[in-house]
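Every chain is numbered from 1, with letters handed out A, B, ... down the list of sequences. Just so you know, these numbers come straight off a predicted model, no measurement behind them.
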2 protein chains.
Amino acid sequence: MKNYELVLHRVEAELAAGRLRIGGRLPGERALAEQLGISRPSVREAVRVLEAMGVVRTATGSGPDAGTVIVAEPVSPLTAVLRLHLATNHLPMGDVVQTRVLLESWAAREAASRSPELGAVSALLDRMDEPGLSPEEFHLLDAEFHVALAGLAGNVLIAAVMESLRSAIHGYVLAAVPNLADWEATAVGLRAEHRGIVAALAAGDGEGAAGLVAAHIHGFYQAARLPS
Amino acid sequence: MKNYELVLHRVEAELAAGRLRIGGRLPGERALAEQLGISRPSVREAVRVLEAMGVVRTATGSGPDAGTVIVAEPVSPLTAVLRLHLATNHLPMGDVVQTRVLLESWAAREAASRSPELGAVSALLDRMDEPGLSPEEFHLLDAEFHVALAGLAGNVLIAAVMESLRSAIHGYVLAAVPNLADWEATAVGLRAEHRGIVAALAAGDGEGAAGLVAAHIHGFYQAARLPS
DNA sequence: GGGTAGGCTGTGGTCCGACCACACGACGGA
DNA sequence: TCCGTCGTGTGGTCGGACCACAGCCTACCC
């Protein structure tokens with residue numbers, strides 16, 4: 001058992017027991033080290049891991065916002081895991097695409113049955129109509145749109161995974177834009193497909209929306225010829 | 001920009017560029033510190049994060065297996081993220097169950113269309129028939145069974161997520177066993193449901209298998225009355 | 001008396017140097 | 001030829017020190 005794991009187990013146990021809540025603060029690194037009988041570097045390694053896991057946030061200085069604060073940020077760690085494992089080439093891009101299709105088409109089906117509020121989503125589409133958007137700006141809005149769609153289904157885990165998938169592949173998507181025959185034409189098509197998806201949702205046609213989403217995703221990845 | 005992030009970016013870049021591969025080794029902590037102009041503690045914090053992300057494994061001593069070697073282990077970090085965020089109570093158990101149903105029923109549908117090799121899965125079921133299994137032993141085999149099912153669909157990302165979900169909730173499932181009216185009777189029912197799922201897969205009935213999987217999961221969670 | 005500028009204090013961020021435990025591999029003796 | 005031993009390089013841990021930062025509190029000045 002390595003020393004820094006003592007801190008991890010301690011924090012997880014206190015979270016599970018309810019003694020640590022979101023917004024609460026960990027004892028100072030020096031105090032924690034003394035409590036557990038380990039050194040401050042060991043504590044710091046553990047805090048780094050917790051930070052990478054999206055469980056704490058650290059800030060220097062003093063005051064209520066300083067120190068090591070408990071947060072709940074599952075998206076950034078998921079994104080980091082996916083990005084790193086994509087980089088190792090042991091996570092095929094095709095599997096990521098397939099997962100996106102599965103999660104997003106499910107979300108569309110689920111969202112349609114909840115007659116959701118589509119105002120925010122439509123506002124995103126309006127912003128994507130603005131002329132002169134760079135591919136990067138367009139895709140950031142596009143990612144927001146897809147994540148918002150996933151959020152409509154009301155499952156925080158699936159929404160978090162979706163957002164992580166989108167963030168993790170953002171760089172790859174941008175790098176593949178030059179593969180497109182005609183970016184402007186592609187953008188026009190993507191906008192139309194988005195409108196179609198929202199229209200199907202508004203009409204309560206979950207099955208139709210799911211099909212459109214799947215076609216939308218598959219279509220783009222085939223056009224961009226993303227690697228593996 | 002904190003110093004340890006230099007190491008993270010360096011490693012990710014070298015992975016993406018193919019200069020670091022699975023089985024390869026990072027430079028020693030002292031060497032890495034000198035190369036990047038930072039201290040060894042900073043390097044160690046980064047290595048800890050990479051280890052937590054399932055990208056490297058560290059071992060003391062000398063020889064080919066010692067040092068910091070590149071691995072690809074996406075399951076343990078995903079498990080850790082889920083466990084920690086379940087502990088914060090900001091990830092509802094219901095969402096986890098819903099996600100399991102979605103992923104597993106999809107996997108069953110997909111697997112059925114591939115006429116998979118069911119020998120290994122059946123062997124697991126035989127082991128679960130052994131009398132005198134403790135609830136813990138039973139659920140470990142049960143988890144293996146469900147993960148193996150998900151693996152039949154051939155999507156490494158979904159399989160990894162499934163395995164993480166199972167691992168993350170393992171403790172909660174065990175803790176809920178006393179909630180069951182009659183553990184022995186429950187186990188008999190679970191065994192029968194497993195056999196039914198495998199039979200549907202063997203018959204190529206993906207839709208049927210998907211429905212059985214969904215009912216199987218929902219049934220257990222309702223019987224065990226898992227929290228939120 | 002009120003307001004402001006300064007220092008005080010406690011936080012994480014970083015670094016250094018040292019020592020330990022470990023395991024392979026080379027060397028030397030039997 | 002075999003076996004034990006020592007060397008060497010790895011991560012694991014520690015203590016201590018100093019820095020940057022930000023809120024707070026005091027003391028001074030108006």
Side-chain angles (χ1 to χ4, degrees), chain A residues 1-11 14-15 20-73 76-77 80, chain B residues 1-11 14-15 20-73 76-77 80:
Chain A
M1 167 80 78
K2 291 162 185 170
N3 273 350
Y4 80 97
E5 297 177 4
L6 290 175
V7 182
L8 298 184
H9 291 144
R10 161 78 153 259
V11 170
E14 303 243 314
L15 282 173
L20 275 180
R21 297 151 194 272
I22 312 285
R25 295 174 42 173
L26 247 53
E29 297 179 350
R30 296 161 179 85
L32 211 41
E34 194 176 355
Q35 284 178 31
L36 295 171
I38 60 180
S39 70
R40 195 178 158 212
S42 295
V43 171
R44 286 183 58 75
E45 291 176 13
V47 170
R48 280 283 185 262
V49 170
L50 291 171
E51 197 178 20
M53 294 292 195
V55 171
V56 304
R57 169 182 62 70
T58 62
T60 62
S62 73
D65 272 6
T68 305
V69 183
I70 309 289
V71 298
E73 175 51 67
S76 50
Chain B
M1 170 78 78
K2 292 164 186 170
N3 273 350
Y4 80 97
E5 297 177 5
L6 290 175
V7 182
L8 298 184
H9 291 144
R10 161 78 153 260
V11 170
E14 303 242 315
L15 281 174
L20 274 180
R21 299 152 193 271
I22 312 284
R25 295 175 44 171
L26 247 55
E29 297 179 351
R30 296 161 180 87
L32 210 43
E34 195 176 355
Q35 285 178 30
L36 294 171
I38 60 180
S39 68
R40 194 178 159 212
S42 295
V43 172
R44 285 183 58 75
E45 290 176 12
V47 171
R48 280 282 185 262
V49 171
L50 291 172
E51 196 178 19
M53 295 292 197
V55 172
V56 304
R57 169 182 63 71
T58 61
T60 61
S62 73
D65 272 7
T68 305
V69 308
I70 310 289
V71 298
E73 174 51 65
S76 50

(message) With a 4.5 Å cut-off on side-chain heavy atoms, are A:His9 and A:Met1 touching?
(response) yes
(message) If I compare all heavy atoms of A:Ala52 with all of B:Val49, which pair ends up nearest, and what's the gap?
(response) CB-CG1, 3.7 Å
Show which side-chain atoms of residues 20-39 of chain A pair as donor or acceptor with protein atoms under 3.5 Å away, not counting sequence neighbours.
from: A:Arg21; atom 1: NE; to: A:Gly18; atom 2: O; distance (Å): 3.3
from: A:Arg25; atom 1: NH1; to: A:Gly63; atom 2: O; distance (Å): 3.2
from: A:Glu29; atom 1: OE1; to: A:Arg40; atom 2: NE; distance (Å): 3.0
from: A:Glu29; atom 1: OE1; to: A:Arg40; atom 2: NH2; distance (Å): 3.1
from: A:Glu29; atom 1: OE1; to: A:Arg44; atom 2: NH1; distance (Å): 3.1
from: A:Glu29; atom 1: OE2; to: A:Arg44; atom 2: NH1; distance (Å): 3.0
from: A:Gln35; atom 1: OE1; to: A:Arg10; atom 2: NH2; distance (Å): 2.6
from: A:Ser39; atom 1: OG; to: A:Ser42; atom 2: OG; distance (Å): 3.4

(message) Among B:Thr68, B:Leu50, B:Val69, which residue satisfies the side chain to side chain contact (heavy atoms under 4.5 Å, CB included) criterion with B:Thr58?
(response) B:Thr68
(message) Using a 4.0 Å cut-off on heavy atoms, which residues in residues 43-52 of chain B reach DNA chain D? List them by number, or say none.
(response) B:Arg44, B:Arg48
(request) State, with a plain yes or no, whether a side-chain heavy atom of B:Glu51 is found less than 4.5 Å away from one of B:Arg48. (result) yes
Pairs under 3.5 angstrom, nitrogen or oxygen only, protein versus nucleotides 20-23 of chain D, please.
from: D:dA22; atom 1: N3; to: A:Ser62; atom 2: OG; distance (Å): 3.4
from: D:dG23; atom 1: O4'; to: A:Ser62; atom 2: OG; distance (Å): 3.0

(message) For a 4.0 angstrom threshold against heavy atoms of chain B, report the outermost contacting nucleotides of DNA chain C in 5' to 3' order.
(response) C:dG13 to C:dG25
(request) Please round to 10 degrees the angle between the axis of the first five pairs and the axis of the last five pairs in the helix from C:dG1-D:dC30 to C:dA30-D:dT1. (result) 20°
(message) Can you pull out the residues from residues 27-40 of chain B that lie within a 4.0 Å heavy-atom distance of DNA chain D?
(response) B:Gly28, B:Glu29, B:Arg30, B:Arg40
(message) Minimum heavy-atom separation for B:Gly61 and B:Ala66, please, with both atom names.
(response) O-CB, 3.3 Å
(message) When you compare the side chain of B:Val55 with that of B:Leu15, does any pair of heavy atoms fall below 4.5 Å?
(response) yes
